[in-house]
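Heads up: the structure comes next, in structure tokens.
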2 protein chains.
Amino acid sequence: MARKSASGRIGIADVAVKAGVSHATVSRVMNGNFTVDPDIAARVRAAAAELKYQPNPVGRSLALGKTDTIGIVVPDLANPTFQAILRGLSRAAAQDGYRVLIADSFEVSSEESILAGEARRRCDGLVLCAPRMSDAELTEIAPSLHPLVLINRTTDAPDVPSLVVDYGHGVQDIAGHLVELGHTRLAFLAGPPRSASNEMRLKGLEAFKDAHPQVEVTMLEGGSDFDTGHEAVDAVLASGATGILAFNDLVAMGLMSGLHERGLDVPGDISVTGFDDIPFARYTTPALTTAAVPITELGEQAWHQLRALIRKEGNEVPGTRFQPRLEVRASTGPAKASRSAVHG
Amino acid sequence: MARKSASGRIGIADVAVKAGVSHATVSRVMNGNFTVDPDIAARVRAAAAELKYQPNPVGRSLALGKTDTIGIVVPDLANPTFQAILRGLSRAAAQDGYRVLIADSFEVSSEESILAGEARRRCDGLVLCAPRMSDAELTEIAPSLHPLVLINRTTDAPDVPSLVVDYGHGVQDIAGHLVELGHTRLAFLAGPPRSASNEMRLKGLEAFKDAHPQVEVTMLEGGSDFDTGHEAVDAVLASGATGILAFNDLVAMGLMSGLHERGLDVPGDISVTGFDDIPFARYTTPALTTAAVPITELGEQAWHQLRALIRKEGNEVPGTRFQPRLEVRASTGPAKASRSAVHG
DNA sequence: CTTGCCTGAGAAAGCGTTTTCTCAGTTCGC
DNA sequence: GCGAACTGAGAAAACGCTTTCTCAGGCAAG
């Protein structure tokens, strides 16, 4: 008959009276505390089952000081990269009985730190993806966010593990691949100017240029989505480059689409590369050569690092660096006589 | 100097002593209750600011009986459709100060109802995407999940709005489009057998067959992802159909990729259609003809319905039906002399 | 048979808020 | 000038749970 206390839902008190014991005993039984008489325990369990009693997590959280929930702040849920991180994180956390609360900042980085704070207070820990937040701001708020794990950027604040993809290395692998195919004029279709991962790519390219002085590398302004790539067609053609490194797969796909509309052949006329190896990359036409980032695994690792922090395992987890793996597909091919050569 | 109470974080008590008032007064000030003297209010606010006090949401939730959080249960976070729903939901909810907790059931439908219950207890309401759950189970758990909004399926349980995409109508639009192009032999690459949205498509196709007796429609087994489409190439070719309706865009992309590998031309040899119009659909080669589902808007609507329920607005919201819009692109074209005709 | 230890369960004190209840101090009306 | 209505803030209860504290009763040892 599920009598209900003052509030709507049935609580521990209802089970207690039904079983003829105190709240405390019910709690003990529900939590597997074995200092309770087996007969009484059975009675309590029966009562709980009959009333379909389920402990109220909010009350539990308050008493226990933990929510069994972690938060993740992402700048854009529409971005496949963050979707994949979320997926990996959620899956790994679920395995340990944790749920994930999402906070999408919709690219307005001014809100990010408030959002992060709010999310953190409701959770036991936080994963922060905030590529555009300034270092100063990050350092400032990091302590109040602990336990905190950073994605794709680092900080001086102590006890904040970082999981970063080695974009610099990846971009060099790609450039190297293009050069091996005979390309001598490359162009980099850059990402958002203040993005941390864009910085890393630029550094990698600098290193590459130093090592390959004979290769010309043009820098082009860009962004991080389809449209960016699509709109960049003119700039790309104007550069005279035959090997294009797009900021990521999305940009590369947009670019290929634009080149296709112009009647140009990829990779016959121009080779195009992406970055990330999102699930769709292998299904483009031609299939996209890219640097595969184990991004779901990164989400999973984020949970492991966070878990260590939550459990206060003093493992001094220093964070992890992920190496992209060059994934050669059909969008890159031998350079034909470079257009400038034809032209000259 | 942020003195801290017993626990680590600073709480309302710290602010109270610093401002020389009671907890109650601090609470009143923080919640904008104007029955407090302006001078005292200012003093409290100053103290709060200096201590960087932020109310503990868990305590608040317990006292208020609400969490300002909603949950969403999805069968697979890797599926672009659910990603888009999540995005729309999260964005709309955020606008009203609500966060979203995600629960991924990873396609194990046996866990779905437990997962839903757990999520619901931590939240003020729930959005449920459970295409494979049996009607019986759904009806059984629905009352305990209220406020509840259903995606792409309905239930007899009262006060449960449903947002459903009219897949039946959409599939008929697509089939009609193919017939207009001269195709007389179609094939439907079905989705997961027990999926509710697959059922709707099948019903739509039945209606279509009744209306177009001269058109032959072959049913093929399938699934819901890339690989399904890719593996279906043989079956598709064996069917002799020239117009293929894939379960969704993912399957269509897999199929196109497979056809391409076989050296077949789309749409020259075979026309292929998808469903959903995921963001990538326009960037395939050829761009995919599909039925566009306003899926992000659906997520947004889900919030509006849920909000009405949470606020107990007796609007008797009956749910909403979304009409897909035929999006003709380059993957469909005129039927060439049907292969059976050539053959005969 | 008494003392002391141990087991097990109830009473009560938190956890951090909000909100009702209560009451001291004012102000107003007559 | 005195009682009533009102204002504003503190005390305390409530939210639903966990956990410490306390204590009654059972048992073994002396």
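Each chain gets a letter, A, B and so on, in the order the sequences are listed, and its residues count up from 1. Note that the coordinates shown come from a computational prediction; the quantities given were computed from them, not determined experimentally.
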I'd like to know if the side chain of B/Thr139 pairs up with that of B/Asp156 as donor and acceptor (distance under 3.5 Å, no hydrogens or angles considered).
no
Search all heavy atoms of A/Asn152 against all heavy atoms of A/Val164 and return the closest pair with its distance.
OD1-CA, 3.5 Å
Atom-to-atom span, CZ of B/Arg9 to P of C/dG16 - whole angstrom
11 Å
Whole Å only: how far is the CG atom of B/Leu62 from the P atom of D/dC15?
9 Å
Name the residue closer to the 5' end of DNA chain C, choosing between B/Met30 and A/Gly59 according to the nucleotide with the nearest heavy atom.
A/Gly59
Rounded off to whole Å, could you give me the CD1-to-P distance for the A/Ile12 and D/dT19 pair?
11 Å
In Å, rounded to the nearest 0.5 Å, how long is the span from CD1 of A/Ile72 to CD1 of A/Ile102?
8.0 Å
Short side-chain donor-acceptor distance under 3.5 Å, A/Thr320 and A/Gln301:
no
Going by atom types only, do A/Ser105 and A/Glu111 share a side-chain donor-acceptor pair under 3.5 Å?
no
Side-chain N or O of B/Arg60 less than 4.0 angstrom from OP1 or OP2 on C/dG16?
no
Between side-chain atoms of residues 25-32 of chain B and protein atoms elsewhere (two or more places apart, or another chain), which donor-acceptor pairs fall under 3.5 Å?
{"unit_1": "B/Thr25", "atom_1": "OG1", "unit_2": "B/Ser22", "atom_2": "OG", "d": "3.3"}
{"unit_1": "B/Ser27", "atom_1": "OG", "unit_2": "B/Asn31", "atom_2": "ND2", "d": "3.4"}
{"unit_1": "B/Asn31", "atom_1": "OD1", "unit_2": "B/Arg60", "atom_2": "NH2", "d": "2.8"}
{"unit_1": "B/Asn31", "atom_1": "ND2", "unit_2": "B/Ser27", "atom_2": "O", "d": "2.9"}

With a 4.0 Å limit, can you tell me whether B/Tyr53 has a side-chain N or O closer than that to the phosphate oxygens OP1/OP2 of C/dT17?
yes
Find every protein N or O atom lying less than 3.5 Å from an N or O atom of nucleotides 4-8 of chain C, and list the pairs.
none

Take the protein atom CG of B/Asp14 and the nucleotide atom P of C/dC15, then report the distance between them rounded to whole Å.
11 Å
About how many Å separate CG of B/Leu126 and CG of B/Leu306, when rounded to the nearest 0.5 Å?
8.0 Å
With a 4.0 Å cut-off on heavy atoms, is A/Val58 in touch with a base, just the backbone sugar-phosphate, or nothing at all?
nothing
Distance, rounded to the nearest Å, where B/Lys66 contributes NZ and C/dT17 contributes C1'
13 Å
Is the side chain of B/Arg43 donor-acceptor paired with the backbone N or O of B/Ala19 at a distance under 3.5 Å, no angle test?
yes
N/O-N/O pairs, protein side and nucleotides 19-22 of chain C side, under 3.5 Å:
none

Donor-acceptor contact present, side-chain B/Arg153 to main-chain B/Ser195, <3.5 Å
no
